[in-house]
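Accompanying notes for the structure given below.
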Amino acid sequence: MENLQLGLAGAQENGKVPQESRPQRKFLQISARRFPEIADMYQEANSKILGPYDDIVPRVMPFIEKTINTYGKNAFAWIGPRARIIISEPELMRVVLNKHRNYQKSFRVSNKIINLVIGGLVYFEGDEWSKSRMKLNPAFHLDKLKQMVPTMQSCTENILNQWKSKMSMDGKGVVDVLHYLEDYSGSVVTHSLFHTTFDDEMRRNFHYLRDLTIMTDTASKPFMFPGAEYLPSETKKRAKQMEKEVRQSFTKMIDQRLKNRQAGAPDAADRDLFDLFLDELYEGKNKLSDRERKRIIEEAIAQTKLFYFAGYDTTSNLLVWAMIILAIHQDWQARAREEVFQVLGDNNTLTNDGLSQLKVLNMILHEVLRLYPPVMELSRVVEEETQLGNLLIPKGVLLQLPIALLHRRPEIWGKDALDFRPDRFSEGVLKAANGQAAFMPFSWGPRICIGQHFAMMEGKAFMAQLLRTFTFELAPTYKHAPYAAFTIQPQFGAPLLMRKI
Ligand code: HEM
């Protein structure tokens with residue numbers, strides 16, 4: 001208990017220990033010596049195969065689940081050098097996410113490898129963040145996104161054609177869809193946001209950025225013993241090499257763009273994210289010093305890495321669970337297909353107007369994001385001693401916000417919280433959560449995901465064309481094993497039995 005009591009010394013309200021942290025409460029304290037126990041918890045959780053309707057939280061975040069079940073909804077844990085508080089009350093989570101200047105991103109205190117991947121918008125804080133966000137927001141406005149639907153459709157068709165070619169003479173076959181869906185989200189980001197070709201080099205960049213993130217082991221896995229991040233290791237060497245290759249590739253793309261730009265500025269409609277990142281450079285022309293030019297290019301590389309990383313694993317993750325869950329729930333698959341045929345008819349050209357009329361599909365994607373949120377947990381560091389509800393939290397404490405757990409709490413979502421019931425969203429997200437603002441797959445507040453509408457449009461474009469082309473069910477080899485690897489991944493892939501319509 002000693003470490004924790006040190007933490008509580010700061011947790012006072014007007015000189016009193018607040019209700020939430022009275023000493024009679026039990027707290028969890030894990031010394032560095034006991035880290036293997038946490039690792040064992042994960043190993044045991046991951047050794048079990050779930051039934052399709054089982055709760056996934058004990059498998060993807062066993063440590064958080066156990067802590068909350070034992071010590072309450074807002075629980076303390078002191079692990080290694082840093083105190084953590086798990087906050088799972090939606091009101092408190094919203095406060096943390098709204099006050100982004102008081103509660104900042106935790107990259108600075110996580111494993112150093114993360115800094116090889118994370119830069120740009122998601123890394124910035126304060127005024128630097130506001131400036132960058134304001135500049136990038138227009139790239140994700142609806143009028144811009146609408147123009148991307150044809151690209152999303154052609155990327156979808158590319159994947160569906162590959163699946164068609166795998167079908168046997170009777171029009172059916174088993175496909176492990178996971179990596180194809182990654183190729184889909186990778187190609188959409190590359191084509192629509194960076195106007196670049198999706199080839200093997202781009203595929204490698206996506207894989208490297210994803211693998212680098214997994215190496216950091218930040219999500220829900222507080223294993224790292226104090227000081228471990230400073231030790232040289234094979235993993236770190238490999239990580240640096242991977243980052244170098246990604247950087248070289250993006251530098252080449254940026255150089256090419258600068259060369260093209262010498263021939264003249266693109267039309268407003270043709271501007272992509274590279275143009276936004278490099279604007280300052282174009283505008284400054286010869287007035288900029290070498291140092292300023294270098295800073296702008298470094299920032300452009302960091303932003304490119306971020307958007308490649310943020311738009312890859314997340315959307316493909318939404319799609320892989322959407323396919324698995326619709327393979328389990330054939331009734332919802334049939335309803336979604338019926339709607340697609342009814343709304344889109346024989347019109348082969350997807351448009352934003354058509355996609356926005358697909359209400360059943362929209363509810364299904366919401367329900368998938370509720371039960372399988374790709375970003376299952378957010379974390380923030382308390383910048384200054386801060387009052388949060390009736391807790392006075394000392395500077396430097398790490399707050400863990402388990403979104404996956406919040407999305408499955410029966411007090412919020414009802415007794416059927418664990419069931420797949422897309423119609424709970426029929427009257428909007430607030431009604432679905434019994435009037436509480438507790439649906440946060442894209443986070444909350446000013447730092448909410450900038451790509452959320454892009455991702456939903458991308459998801460709907462894929463699902464609409466898929467439902468018109470194939471029916472699908474689980475292949476006999478499928479094992480239900482959601483696994484925490486930065487996002488929630490199907491541990492043994494997603495083999496599905498597809499039938500051409
Ligand atoms: C289903 C798909 C997606 C999900 C579930 C998702 C989820 C999230 C979440 C939870 C955050 C907040 C992270 C935090 O506060 O720590 C975030 C931020 C962000 N996302 Fe997404 N995301 C998705 C797709 C995308 C796409 C397609 C892009 C861009 C191509 C993107 C770009 C970003 C960026 C740049 C941020 C940082 C925003 C800021 O700090 O202002 N995301 N996303």
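Every number for a ligand or one of its atoms is a count from 1 in the order of the listing.
Taking a cutoff of 4.0 Å between a charged side-chain nitrogen and a carboxylate oxygen, R247 and E298 qualify as a salt bridge. For the pair R257 and D272, the salt-bridge criterion is met [side-chain N within less than 4.0 Å of a carboxylate O]. For E280 and R295, the salt-bridge test passes: some basic side-chain N is under 4.0 Å from an acidic carboxylate O. A salt bridge links D127 with R101: the distance from a Lys NZ or Arg NE/NH1/NH2 to an Asp or Glu carboxylate oxygen falls below 4.0 Å. The pair K146-D353 does not count as a salt bridge, with every side-chain nitrogen at least 4.0 angstrom from each carboxylate oxygen. Using a cut-off of 4.0 Å between Lys/Arg side-chain N and Asp/Glu carboxylate O, D200 and R203 are scored as salt-bridged. A salt bridge links R424 with E367: at least one charged nitrogen is closer than 4.0 Å to a carboxylate oxygen.
Listed by number with element, the atoms of ligand 1 under 4.0 Å from a non-hydrogen atom of F454 are 27 (C). Atom numbering of ligand 1 starts at 1 in the shown order; those under 4.0 Å from a heavy atom of S443 are 10 (C), 12 (C), 15 (O). Close contacts of ligand 1 with L121, meaning ligand atoms under 4.0 Å from a residue heavy atom, involve 35 (C), 38 (C), 39 (C), 40 (O), 41 (O). When each atom of ligand 1 is checked for a heavy atom of G311 under 4.0 Å away, the hits are 26 (C), 27 (C), 28 (C), 30 (C). Residue-ligand proximity, L193 to ligand 1, at heavy-atom distances under 4.0 Å covers atoms 30 (C).
Of the N or O atoms in T315, none lie within a sub-3.5 Å distance of an N or O in ligand 1. Considering backbone and side-chain N/O of E458, none are found under 3.5 Å from N/O of ligand 1. Looking at ligand 1, you'll find an N or O of R133 within less than 3.5 Å of one of its N or O atoms.
Judged by the shortest distance from any of its heavy atoms, W129 lies inside the 4.0 Å radius around the atoms of ligand 1. In this structure, R380 has a heavy atom closer than 4.0 Å to ligand 1.
With hydrogens left out, the protein atom closest to atom 40 (O) of ligand 1 is R447 NH2, 3.0 Å, a heavy atom. Counting only heavy atoms of the protein, atom 34 (C) of ligand 1 lies nearest to I450 CG2, 3.7 Å. Among all protein heavy atoms, the one lying closest to atom 19 (C) of ligand 1 is C449 CA, 3.8 Å. Counting protein heavy atoms only, atom 10 (C) of ligand 1 is closest to P441 O, 3.4 Å. The protein heavy-atom contact nearest to atom 37 (C) of ligand 1 is V122 CG2, 3.6 Å. In terms of protein heavy-atom proximity, atom 32 (C) of ligand 1 is nearest to A310 CB, 3.4 Å.
Using a 3.5 Å distance cut-off with no hydrogens or angles, the side chains of S249 and E201 do pair a donor with an acceptor.
At a heavy-atom distance under 4.0 Å, only side-chain atoms of K105, from C-beta outward, approach ligand 1.
Between the choices L318, T314, V375, the shortest heavy-atom distance to atom 2 (C) of ligand 1 belongs to T314. Residue G451 holds the heavy atom nearest to atom 28 (C) of ligand 1 of all those in P374, P373, G451. The heavy atom nearest to atom 29 (C) of ligand 1, out of those in Y372, F442, W444, F307, is found in F307.
Distance NZ/K305 to CG/L212: 8.0 Å, rounded to 0.5 Å. Rounding to the nearest 0.5 angstrom, the gap separating the CZ atom in R408 from the CG atom in D55 is 5.0 Å.
Remark: R370 qualifies as a cation-pi partner of W413 under the 6.0 Å distance and 45° angle criteria applied to the six-membered ring.
With contacts defined as side-chain heavy-atom distances shorter than 4.5 Å, the pair T386/K99 does not qualify.
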